[in-house]
Amino acid sequence: MRMHKKSRLEERIEACSDIVTVADLTDKNMSRAALTPEYLPFNDIFGNNNPVYLEIGCGKGRFVCETAKLNPGKNFVACEKISNVLIEALERVKAEKIKNVYFLNCAAEVLQKYFPEGSVDGIYLNFSNPLPKEGYKKQRLTHPRFLEIYKSILKNGGEIIQKTDDKPFFGFSLQSFKEAGFTVLSVCEDLAENPVEGDVETEHERRFKEMGRKIYRIHARADKTAVCGNKNQQGIN
């Protein structure tokens, strides 16, 4: 069912313009659009040079808001392509006066337009759409084509943490990380039974746990000197 457009959406986003960059993708060719840099000025945005972390697909913002409050010495950029969803996150940050969160209204395909190479310390992928049909696998946010984008903007040794409730997507992602030359540091096949200190629940995660569904978690590291498909990766803990 299609989501109804929220009332006064454009006006409400404009009221939050100091904490969001809205992508102007006049060029619908994402690959070409990504080649024209409009790098986010982190020092100006946050007023410091603290490490930068990126959440891709932030939804209504519970995860990034709570994580930012727990980590005042880190800066967070939350990316969400659906403005109808993003507005709730924007207004939450404004209402709670959270100073270390900024938003990017764009698709993951153009992240390199906004992030210089090697500028991100870590990435969160929380409950991305698993897109189970085979014909859509290249659109999955852990497909190797996306992982190469993430590797570009991550620092060498930068890390990705992915969470999902979809077991086939978990298996696909695990294989994709290996194919893209990431080192898999750890995996968890039931986060409720093996909680991670400091890990914040998303809106989806809380609901899935209440339904009794398992939450899968992958923690991987970008090793930029690694060759895709490297067989000499660190074993899974």
Side-chain angles (χ1 to χ4, degrees), residues 1 3 52-72 74-93 95-96 98 100-105 107-108 111 120-132 136-137 139-143 146-147 150 154 158-177 182 184-221 236-237:
M1 185 171 65
M3 181 185 299
V52 174
Y53 291 79
L54 169 66
E55 183 185 11
I56 301 172
C58 69
K60 297 178 181 179
R62 182 180 192 277
F63 177 85
V64 73
C65 288
E66 296 303 316
T67 302
K69 286 188 284 188
L70 288 172
N71 297 275
K74 297 177 180 178
N75 297 324
F76 296 86
V77 178
C79 175
E80 174 58 57
K81 69 177 181 179
I82 303 174
S83 55
N84 208 39
V85 174
L86 177 62
I87 187 58
E88 294 193 35
L90 290 170
E91 292 179 339
R92 177 172 182 168
V93 165
E96 297 184 19
I98 303 171
N100 58 332
V101 175
Y102 188 81
F103 293 94
L104 185 55
N105 185 195
L111 285 171
V120 176
D121 287 78
I123 292 175
Y124 300 98
L125 292 168
N126 292 317
F127 300 92
S128 311
N129 190 333
L131 297 168
Y136 290 100
K137 70 179 183 180
Q139 302 303 317
R140 297 170 191 164
L141 291 183
T142 54
H143 186 276
F146 282 105
L147 294 181
Y150 309 155
L154 279 167
E159 298 178 357
I160 293 183
I161 294 175
Q162 182 205 9
K163 293 193 286 187
T164 180
D165 67 307
D166 189 286
K167 188 172 184 178
F169 183 41
F170 162 73
F172 170 86
S173 300
L174 190 58
Q175 183 61 34
S176 292
F177 279 117
F182 282 75
V184 176
L185 301 174
S186 67
V187 298
C188 175
E189 298 193 29
D190 190 347
L191 193 55
E193 291 295 321
N194 302 278
V196 175
E197 184 178 357
D199 186 66
V200 172
E201 283 185 333
T202 72
E203 296 95 338
H204 285 20
E205 183 175 357
R206 177 173 291 178
R207 184 167 70 251
F208 292 147
K209 285 179 178 177
E210 290 171 352
M211 295 167 59
R213 299 179 69 163
K214 289 185 177 181
I215 305 300
Y216 303 89
R217 184 179 189 270
I218 299 173
H219 182 191
R221 183 180 66 220
I236 297 171
N237 295 326

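Note that the coordinates shown come from a computational prediction; the quantities given were computed from them, not determined experimentally.
- The distance from atom OH of Y124 to atom SG of C58, rounded to the nearest 0.5 Å, is 13.5 Å.
- Atom CZ of F169 and atom CZ of R140 lie 7.5 Å apart (nearest 0.5 Å).
- The side-chain heavy atoms of M211 and D165, taken from C-beta on, include no pair separated by under 4.5 Å.
- To the nearest 0.5 Å, atom NZ of residue K60 and atom CZ of residue R92 are 11.0 Å apart.
- Atom OG1 of residue T67 and atom CZ of residue R62 lie 9.0 Å apart, to the nearest 0.5 angstrom.
- Of all heavy-atom pairs spanning G61 and E203, the tightest one is N-OE2, 3.6 Å.
- Between E201 and K163, none of the side-chain N atoms (NZ, or NE/NH1/NH2) sits under 4.0 Å from a carboxylate O, so this pair counts as no salt bridge.
- For E205 and K209, the salt-bridge test passes: some basic side-chain N is under 4.0 Å from an acidic carboxylate O.
- Ring planes of H204 and F208: perpendicular class, angle over 60° (limits at 30 and 60°).
- Taken from CG in L141 to CG in L147, the straight-line distance is 9.5 Å, to the nearest 0.5 Å.
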Listing, residues 187-195 side-chain donor-acceptor contacts under 3.5 Å, not counting sequence neighbours, or none:
residue: D190; atom: OD1; partner: A192; partner atom: N; Å: 3.4
residue: N194; atom: ND2; partner: D190; partner atom: O; Å: 3.2

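- Note that the CZ atom of F146 and the CG atom of L111 stand 9.0 Å from one another [nearest 0.5 Å].
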- Message: Apply salt bridge (charged side-chain N to carboxylate O under 4.0 Å, His left out) to residues E66 and K69 and explain how you reach the verdict.
- Response: CA-CA 5 Å; E66 296 303 316; K69 286 188 284 188; 3.1 Å; yes

